[in-house]
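Worth knowing before you read on, the calculation uses all heavy atoms, side chains too, and leaves out hydrogens, waters and symmetry mates. A, B, ... follow the sequence lines: proteins, then strands. Residue 1 opens every chain.
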Amino acid sequence: MTSPDQTTLLEMQRRMLRIRRFDERASKMVKRGQIPGTVHTSIGQEAQVVGAAMTLDDGDYMTGNHRSHGHPIAKGSPLAPLMAELVGKAGGVCGGKGGSLHLADFKVGSLGESGIVGSSIPIATGAALSSKVLGNGKVSMAFFGDGAANQGCLYEAMNLAGVWDLPVVFLCENNQYALSTPAHTVTSGVIAERAAGFGIAGERVEDGQDVLAVHAAAQAAVERARSGGGPTLLEVVTYRYNEHSEGLRLGTDYRNAEEKETWVGRDPIAQFRRHLAQEGVATEEELDALEQEVLDEVEQAFEFSQESPYPEPEVAFADLYTEPIGA
Amino acid sequence: MTSPDQTTLLEMQRRMLRIRRFDERASKMVKRGQIPGTVHTSIGQEAQVVGAAMTLDDGDYMTGNHRSHGHPIAKGSPLAPLMAELVGKAGGVCGGKGGSLHLADFKVGSLGESGIVGSSIPIATGAALSSKVLGNGKVSMAFFGDGAANQGCLYEAMNLAGVWDLPVVFLCENNQYALSTPAHTVTSGVIAERAAGFGIAGERVEDGQDVLAVHAAAQAAVERARSGGGPTLLEVVTYRYNEHSEGLRLGTDYRNAEEKETWVGRDPIAQFRRHLAQEGVATEEELDALEQEVLDEVEQAFEFSQESPYPEPEVAFADLYTEPIGA
Amino acid sequence: MATTTMSFLGAIGAAQREAMEADERVVIIGEDVEANVYGTTGGGKSRKDKGDFLELFGANRIRNTPISEEVIVGAAAGAAMTGLRPIVDLSYSSFLYMAMDQFVNQVAKNRYMFGGQASLPVVFRSAMFYGLSTGAHHSDRPYPMFMNVPGLKIMVPSTPADAKGLLRTAVDMDDPVLTFEACMLWGLKGEVEEDEYRIPFGQAAIAREGTDVTVVAIATAVPEALKAAETLAEDGVSVEVIDPRTLVPLDSRTILESVAKTGRLVVADPAHRTCSAAAEIAAIVVEEAFDSLKAPIARVTTPDTQIPFSPAIEKPLYPNRESIGEAIRRVTGERGASVPESPQGIDDELSTQAHR
Amino acid sequence: MATTTMSFLGAIGAAQREAMEADERVVIIGEDVEANVYGTTGGGKSRKDKGDFLELFGANRIRNTPISEEVIVGAAAGAAMTGLRPIVDLSYSSFLYMAMDQFVNQVAKNRYMFGGQASLPVVFRSAMFYGLSTGAHHSDRPYPMFMNVPGLKIMVPSTPADAKGLLRTAVDMDDPVLTFEACMLWGLKGEVEEDEYRIPFGQAAIAREGTDVTVVAIATAVPEALKAAETLAEDGVSVEVIDPRTLVPLDSRTILESVAKTGRLVVADPAHRTCSAAAEIAAIVVEEAFDSLKAPIARVTTPDTQIPFSPAIEKPLYPNRESIGEAIRRVTGERGASVPESPQGIDDELSTQAHR
Ligand SMILES: Cc1ncc(C[n+]2csc(CCOP(=O)(O)OP(=O)(O)O)c2C)c(N)n1
Ligand SMILES: Cc1ncc(C[n+]2csc(CCOP(=O)(O)OP(=O)(O)O)c2C)c(N)n1
Ligand SMILES: [Mg+2]
Ligand SMILES: [Mg+2]
């Protein structure tokens with residue numbers, strides 16, 4: 001296992017920034033009524049997302065969940081079609097038919113985010129099965145939350161992947177809450193420790209705000225998968241800064257202000273920027289430039305999302321089958 | 001924890017014998033076309049079934065699966081209505097509407113066997129929930145096989161029971177095969193060890209042919225449940241002598257003759273009879289008499305099953321709702 | 001009879017509160033019910049004035065669950081079989097599939113299979129979030145598939161008063177009930193009796209009387225059909241609008257009597273077309289009232305496509321006043337003035353709809 | 001065209017073998033497929049002569065699974081999205097509920113939601129064991145609920161030849177297909193072309209031509225309708241029997257043309273009545289062929305009850321030659337001689353049906 005080179009380190013920061021700025025912009029757009037429905041941001045969880053996804057090769061597969069923008073962004077998907085998708089435009093990555101909850105960019109191996117909690121875990125497992133049968137060496141990664149870790153399909157998937165040695169990584173983003181529900185009130189035992197009973201590798205990354213820690217653990221899991229060592233359940237402890245979804249206002253205070261402050265104090269992007277500067281990977285100027293580049297990218301994505309037309313009415317009937325089946 | 005008294009020991013043998021003779025008769029009846037469809041016998045697994053079920057109080061709950069006769073018998077359900085149910089008669093415990101796969105005897109706390117593998121585990125968990133909410137001290141036991149242990153709902157149930165400390169025992173009857181499929185080929189890890197990751201107690205009873213070993217382990221689990229200590233996953237290693245279901249003829253030899261011989265050599269009923277005689281719990285004559293009593297009971301059950309009439313046609317439409325809802 | 005104004009969602013909350021107060025065996029089970037995320041379990045800390053269910057009834061009866069629909073549904077069934085009367089909040093109807101085996105193989109079958117030994121007094125609430133740009137995973141209207149499962153009862157109220165009265169009946173009943181609440185109706189206000197009351201299952205409401213054509217409408221199609229009827233009245237077409245309120249049992253008698261009078265039938269149903277409730281109602285009428293029929297039956301449904309996210313293409317998919325009006329014209333042969341355009345959605349008061 | 005005699009089940013097995021031989025990406029996934037428990041994956045050790053799939057194709061392509069329907073279905077979908085063409089054997093149709101979320105939210109929606117990026121060449125086989133005293137948990141005929149889910153294709157063959165030809169087409173297709181095989185038909189023998197062939201989806205078969213009444217029949221109702229038609233022919237009633245063969249897409253044109261000719265329709269469908277395929281077909285006809293209809297449409301379905309175990313009360317529930325014949329008489333006004341009694345079930349050759 002090699003540690004990431006300079007280019008990779010800078011790319012990590014770039015992708016984390018992309019997620020942060022993209023989601024900040026999306027949040028603003030929801031408030032302004034520029035996005036129908038809502039979105040779930042990954043703000044605060046960038047290290048966990050990027051550290052994991054950047055261990056994958058271009059041809060590798062990935063599935064995600066409702067907290068959905070970070071995954072394809074971390075896998076290298078261009079921002080403009082993603083942003084246009086949130087707005088429901090024809091130029092969206094799914095032609096406007098998916099929206100925030102159902103982003104997918106097959107070109108980069110993103111097989112789809114899922115609005116149904118837990119539901120995409122079997123899909124990722126199946127992608128790993130096809131890698132195994134075809135012997136093409138591809139690895140598959142399923143992203144899901146601490147809440148999803150109580151869906152039975154995860155354990156069916158872990159067992160199947162275990163008996164068949166499928167090249168899949170089950171990546172649990174434990175941001176400690178499922179909507180309003182604290183994980184510890186609905187989770188018996190420790191998620192990562194559930195791996196052992198299913199005969200597969202399990203690990204808990206306690207500092208999910210440290211992109212390098214996440215990367216190292218994920219890399220070990222991906223290498224294990226690719227080399228025929230079978231699946232891994234990786235639990236990464238992290239935190240979301242925003243409400244469960246943008247625009248949601250709950251009457252209850254299920255998280256306290258103090259807790260949030262502590263986590264913001266350990267911001268993954270700020271931390272990693274300090275690290276990059278200290279280690280001489282980049283100068284402050286270079287890091288400033290990087291920030292600006294990402295801001296520009298997001299701005300361009302926003303513009304694209306505004307200019308792209310809405311889909312034509314007949315699009316509602318396309319893509320249901322390979323060919324329309326008639327009335 | 002007290003060890004079973006003499007009466008209990010003899011009752012264990014009686015119930016094991018009831019299962020054996022009942023199932024032997026049922027098997028014969030299938031061959032003779034006296035039972036429509038098929039049945040799944042528990043022959044060979046009597047110690048596991050009886051040892052577990054006899055730790056329950058009369059008011060306690062139980063659910064089961066397709067290997068279904070042993071559970072209610074072990075819980076004290078009278079044989080005649082069970083036998084009549086297998087034949088589809090009006091005097092059956094479910095009025096002929098359930099059949100072998102769907103025996104239930106609510107009078108003894110048997111909430112139902114399930115033809116769908118795994119599907120009754122949540123039901124037992126719910127019975128434990130009602131005990132908990134109502135504070136009535138009842139315990140619930142879910143019987144299921146090694147095959148069912150790969151259904152996701154088991155893990156949802158273990159987690160829920162874990163966070164809510166529900167008084168439920170998950171009892172996995174590991175007879176080492178699911179239909180034609182050897183457990184080790186489809187099970188990653190060790191079933192009992194899956195408990196730990198869900199923060200609940202787990203234990204594997206290696207000698208499931210020893211009714212006292214099973215009883216001791218199950219008693220500990222039931223006491224834990226009843227005293228608020230939460231759920232347990234108990235895996236009991238055992239063996240079925242017959243084919244998966246009566247009348248089934250597979251082209252393939254997924255179990256070898258030698259294996260079966262070894263297990264028959266450790267027959268739970270023969271073993272326990274020797275134990276009872278050696279320990280002076282009963283004389284050989286008393287044990288012979290017991291065997292005869294059970295044979296008579298089964299004979300009477302058979303006669304009842306033959307004499308009981310078939311249900312009237314309108315029964316097909318009763319019990320769907322509390323009251324018929326009309327066309 | 002004194003009444004008070006209530007939203008649809010408020011009526012659901014009020015029914016739940018009354019039921020909880022009336023019977024200790026009633027418990028609420030579901031994801032995020034403790035924090036009242038969906039607005040039917042009272043306050044939450046900063047909404048104390050409205051009555052926090054957790055404070056009122058305690059954590060023993062307000063059961064916040066893991067995200068485990070299969071065991072939630074099965075456990076509620078098992079609890080119902082052993083003495084509780086659970087109300088399960090499954091939030092979105094699109095999540096019911098997760099527990100389909102429990103619904104079909106346990107909830108619907110246990111009383112029957114066990115020859116009447118099991119009783120299942122349990123209510124499964126869920127809401128259909130169609131028309132709100134939530135995309136294909138959250139917009140389903142799956143009641144037709146549950147109608148095909150004997151043993152379940154199904155309510156689809158379209159007014160606050162019906163929602164409250166039917167839900168009370170549902171909780172009282174020893175049969176399992178599924179509610180399908182159209183989220184677009186949650187904010188709808190209406191008059192509700194102040195005293196406790198119950199509405200029986202299997203009794204349709206005649207939402208508007210008329211003589212030329214019968215429109216049977218479900219969920220959001222009810223207010224839309226009423227709008228269409230209003231407009232068509234101006235053209236001299238007299239439309240009778242029937243809201244079945246419960247789909248199982250279905251009050252086919254009221255429908256057949258209406259068709260006997262009008263001779264014409266439009267069924268407006270937001271479900272997908274094939275094997276929809278509309279299909280069933282059309283089939284019943286052509287079987288049992290063929291001689292009364294003067295024209296083809298018209299179904300106005302959501303077409304057989306999945307639900308796209310983009311509002312530009314989602315909104316037109318569901319039955320609305322135009323499509324219903326057009327169908328009425330078709331079966332009556334009337335070519336009157338066009339009906340007014342639908343607004344983008346029925347108004348609502350809820351911020352909490354935006355989370356999924 | 002040379003033909004050979006094959007059982008329905010043999011035809012399924014032959015189609016699977018041809019498909020496996022034709023394309024390396026075709027794999028078989030399911031419980032007990034290795035040991036050929038259900039008889040469609042070749043030999044098993046002592047049946048080598050028939051061709052053991054495990055030996056022919058190896059364990060990489062014959063995948064014996066744990067009992068985990070949800071992940072089996074989802075994994076097959078994921079595999080299909082990434083280059084395989086799985087045939088999934090789910091054995092009993094009653095087990096599909098376990099994977100309902102995967103069917104509805106992934107299999108049916110992924111191509112659509114992702115704007116056409118996903119392709120899902122996957123076939124889910126299952127058999128309906130109704131009429132065989134298997135009780136409520138194993139006797140379901142759930143195709144109507146899947147018909148309500150846009151994005152799935154559904155085949156319900158009633159002859160060996162159709163089973164084989166449709167299954168080959170299904171495997172070739174890039175859309176997900178569900179098969180519903182009536183187990184009572186598994187033993188049915190019929191002539192099957194020796195050369196490879198495919199039957200297109202969406203083309204009904206006219207199983208018998210007639211002029212007085214159209215009977216659309218599904219699964220076991222097809223042979224039963226043919227028997228009824230035979231008997232009624234003696235009374236001078238000319239019955240046209242149509243087997244849709246695929247329910248999605250449904251060949252409504254053939255049905256409508258037939259009704260245009262006969263003016264009368266009976267739909268015989270073993271599913272539960274409410275929201276059945278029969279409801280859909282009746283609705284289509286009353287919408288689109290109203291002017292041709294001379295009599296009420298009659299549905300012959302399984303009534304809305306669950307399936308009891310006792311054969312005494314189970315057998316009469318499904319559409320059979322008597323009930324179909326009676327419906328034909330009703331809509332034609334014919335009062336001829338009674339049709340012969342149904343045997344207890346269609347003969348079959350299979351010992352392996354008895355395991356569940
Ligand atoms: C099957 C299902 N149940 C419930 C929901 C509603 N829901 C959406 S997100 C969510 C919380 C998910 O929590 P977690 O998995 O921890 O992800 P996070 O939002 O914390 O990233 C819930 C309950 C859903 N979308 N799907
Ligand atoms: C959901 C479901 N899947 C598959 C089946 C078919 N089936 C019935 S019993 C069985 C094997 C069960 O094995 P196990 O749980 O170990 O119980 P055993 O028969 O060994 O006692 C299978 C696959 C079923 N009834 N339900
Ligand atoms: Mg979370
Ligand atoms: Mg077993």
Please check this pair: side chain of D/Gln306 against backbone of C/Met113, looking for a donor-acceptor N/O pair closer than 3.5 Å. no

To the nearest 0.5 Å, tell me how far C/Met145 CE sits from D/Met100 CE. 4.0 Å

Spell out, as yes or no, whether a donor-acceptor pair under 3.5 Å connects the side chain of C/Asn148 to the backbone of D/Pro142. no

Under a 4.5 Å cut-off applied to non-hydrogen side-chain atoms, are C/Met147 and D/Arg273 in contact? no

Structural part of C/Glu69 lying under 4.5 Å from a heavy atom of chain D: neither

Atom of C/Ser94, atom of D/Asn105 and distance for their closest heavy-atom approach: O-ND2, 3.5 Å

If you take all heavy atoms of D/Tyr112 and C/Thr305, which pair is closest and at what distance? CE1-OG1, 3.3 Å

Hey, is C/Arg299 close enough to D/Glu280 for a salt bridge, meaning N to O under 4.0 Å? yes

Check each atom of C/Ala298 against the heavy atoms of chain D and say whether the ones under 4.5 Å are side chain, backbone, both or neither. backbone

Partner chain D: residue of C/Val285, C/Val104, C/Leu265 with the largest heavy-atom pair count (under 4.5 Å): C/Val104

Calculate, to the nearest 0.5 Å, the distance between atoms OG1 and CD1 belonging to D/Thr274 and C/Ile281 respectively. 10.0 Å

Toward chain D, the part of C/Leu293 with a non-hydrogen atom under 4.5 Å: both

Under 4.5 Å from a heavy atom of chain C, the part of D/Phe290 involved: side chain

Max heavy-atom pair count under 4.5 Å with chain C, selected residue of D/Ala136, D/Pro303, D/Ala282: D/Ala136

Spatial distance of atom CE (C/Met98) from atom CD (D/Gln102) [nearest 0.5 Å]: 7.0 Å

Pick from C/Ala279, C/Ala289, C/Ala99, C/Gly115: which one has the most heavy-atom pairs with chain D under 4.5 Å? C/Ala279

Please determine, among D/Leu96, D/Asp101, D/Ile284, the option with the most heavy-atom pairs under 4.5 Å with chain C. D/Asp101

Side chain, backbone, both or neither: which part of D/Asp291 has a non-hydrogen atom closer than 4.5 Å to chain C? neither

Okay, C/Ala108 and chain D: the region with an atom under 4.5 Å from a heavy atom over there is both

For the residue pair D/Cys275 and C/Ser276, what are the closest heavy atoms and their distance? SG-O, 3.6 Å

